[in-house]
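Okay, so here's the structure we're looking at.
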Amino acid sequence: MEGEPVNVNEFQELARQALPKMYYDFFSGGAEDQYTLKENLEAFRRITFRPRILVDVSRINLSTTVLGYKISAPIMVAPTGMHKLAHPEGEIATARAAAASNTIMVLSSVSSCTIEEVASSCNAIRFFQLYVHKNRDVAAQLVQRAERNGYKAIVLTVDTPMPGRREADIKNKMIVPPLKNIEGIVSTEVDNDEGSILESFAKRALDASLCWRDIGWLRSITNLPILIKGVLTREDAIKATEVGVAGIVVSNHGARQLDYTPATITVLEEVVHAVGGKVPVFLDGGVRRGTDVFKALALGAQAILIGRPVVYGLAAKGEYGVRKVIHMLKDELELTMALSGCPSVKDITRSHVRTEHEKIHSML
């Protein structure tokens, strides 16, 4: 690729060139047939704009708030694991890029840098993502460490009672790199000579008994607000509000868990309507353009989270690459807002987009 990347998608090719195949496949791959992986991207393309003209857009304000914290744009860094596989500085580079971009990073509990290392790397608002292990004491320790180190919310991942079948990882016999947050608490040794060692470890470690009543347990061990990540249906959105979560992330785990789940953007509105404004709704999965961010906001998301684009930026160009990815999306969002007649995020409404369903309905 000649010269500097001009969009987020071009960072993916740079990452592919920079990374060993095992690591690139780990970050880029999805579950089984990868139908949902493709659909997460394609579904955005089926949504079109209804731009409004002759609106004063001489000043565009991208800023918004998340749980009361002001951020420069409705673009957050999603929890993705093992950043040192992408770059030697790992999550510390990612955290600094997020801080420089004035946005929130959600640190994965399977990060290559510790909760404490990331907290001391720079001054910023950060959330902590949690997987619940079979040994609940592990989760309790992680939550308490996050709270002690100034993290402002817990993002509980709820779509992993067991790991999805990621066939590239099976073929590559994906390793378990050092998982610093659980080092000395949970053994990552796995007796498995075939397939994905990482998958075998996750199967052994994750708590498949986790259920709705455990949200109460989690609330009892922390004062931090709890968001749940992995909601795809109206029914679960309603239950989430009933158990007292502070927010919902519409997510299919980057299409890495259950294949043939719907693209997140196609179920966002269902979840937003079910919640009825009681808690904020966020979205991850498939965002590659500022136009995608705008579409998610128009369908009711308060902000979006980006996972793979951050990792691709990190792999290609370290901290600078992550900053560049976020900056590109912000620039594209700003242009989309201007050309759609929206001077601020709160001016983006449902009437600014047309979904595929509406297009079909209008032809009948």
Side-chain angles (χ1 to χ4, degrees), residues 64-71 74 76-80 103-110 115 125-133 136 138-147 150-161 206-254 257-258 261-262 264-265 267-285 296-297 299-307:
T64 191
T65 59
V66 170
L67 301 187
Y69 301 106
K70 190 172 182 181
I71 55 175
M76 299 159 63
V77 175
T80 49
T103 193
I104 293 168
M105 172 186 178
V106 185
L107 180 69
S108 170
S109 57
V110 288
I115 291 166
I125 302 297
R126 271 179 292 271
F127 298 169
F128 179 71
Q129 176 272 335
L130 179 70
Y131 289 115
V132 175
H133 289 247
R136 293 288 173 93
V138 174
Q141 283 183 49
L142 291 172
V143 167
Q144 284 151 13
R145 283 167 60 193
E147 190 162 358
Y151 291 72
K152 302 300 184 188
I154 301 298
V155 179
L156 176 67
T157 296
V158 293
D159 56 9
T160 51
L206 294 171
D207 187 353
S209 75
L210 190 71
C211 59
W212 285 108
R213 69 172 174 271
D214 294 316
I215 305 295
W217 162 77
L218 186 55
R219 289 179 70 191
S220 76
I221 63 168
T222 182
N223 293 314
L224 296 178
I226 296 161
L227 294 84
I228 65 168
K229 177 177 177 286
V231 173
L232 292 171
T233 64
R234 173 182 176 277
E235 294 88 338
D236 283 342
I238 291 168
K239 279 189 173 176
T241 59
E242 288 171 352
V243 298
V245 302
I248 289 171
V249 184
V250 175
S251 174
N252 53 34
H253 210 102
Q257 281 297 102
L258 178 63
T261 52
T264 49
I265 193 66
V267 295
L268 172 60
E269 242 185 330
E270 176 184 329
V271 171
V272 168
H273 288 160
V275 166
K278 292 188 186 81
V279 296
V281 177
F282 307 93
L283 172 134
D284 79 1
L297 298 179
L299 293 173
Q302 184 159 346
I304 61 88
L305 297 93
I306 47 170

Please lay out, stage by stage, how Val245 and Leu227 fare under the test side chain to side chain contact (heavy atoms under 4.5 Å, CB included).
CA-CA 6 Å; Val245 302; Leu227 294 84; over 6 Å; no
Glu270: what forms a side chain to side chain donor-acceptor pair (under 3.5 Å) with it, not counting sequence neighbours?
none
Is the shortest heavy-atom distance from the side chain of Leu210 to the side chain of Arg136 under 4.5 Å?
yes
Give a yes or no answer on whether the side chain of Thr222 reaches the backbone of Arg219 with a donor-acceptor pair at less than 3.5 Å.
no
Is there a side chain to side chain contact (heavy atoms under 4.5 Å, CB included) between Glu269 and Val250 once you walk through the steps?
CA-CA 10 Å; Glu269 242 185 330; Val250 175; over 6 Å; no
Quick one: pull up CZ in Phe127 and CG in Leu67 and give me the separation to the nearest 0.5 Å.
4.5 Å
Quick check: does any side chain N or O of Tyr69 sit under 3.5 Å from a backbone N or O of Thr103, one acting as donor and the other as acceptor?
no
Nearest heavy-atom contact between Gly300 and Leu268 is N-CD2, 4.5 Å
Using only atom types and a distance under 3.5 Å, with no angle test, would you say the side chain of Asp236 pairs donor to acceptor with the backbone of Thr233?
no
Residues Asp159, Lys229: salt bridge by 4.0 Å N-O rule
no
Which pair of non-hydrogen atoms, one from Pro74 and one from Leu297, has the smallest distance, and what is that distance?
CG-CD1, 3.6 Å
Heavy-atom nearest pair, Ala246 first then Pro280, reads O-CD, 3.2 Å
Audit row: Gln302, Thr64, side chain to side chain donor-acceptor pair (under 3.5 Å) steps and yes/no
CA-CA 8 Å; Gln302 184 159 346; Thr64 191; 4.7 Å; no
How close do Ala303 and Val66 get, heavy atom to heavy atom, and via which atoms?
CB-CG2, 4.3 Å
Just checking Arg234: does its CZ atom have more than 12 heavy atoms from other residues, nucleotides or ligands closer to it than 6.0 angstrom?
no
Taking all non-hydrogen atoms of both residues into account, name the closest pair between Thr241 and Ile238 and its distance.
OG1-O, 2.7 Å
Is the side chain of Thr264 donor-acceptor paired with the backbone N or O of Asp284 at a distance under 3.5 Å, no angle test?
yes
Gln129 and Thr157 have their tightest heavy-atom pair at NE2-OG1, 2.9 Å
Output the distance between atom CD (Gln144) and atom CG (Leu224), rounded to the nearest 0.5 Å.
10.5 Å
CG-CG distance between Asn252 and Leu283, expressed to the nearest 0.5 angstrom
9.0 Å
Could you tell me the separation between the CD atom of Glu242 and the CH2 atom of Trp212, rounded to the nearest 0.5 Å?
8.5 Å
Output the distance between atom CG (Asp214) and atom OG (Ser220), rounded to the nearest 0.5 Å.
10.0 Å
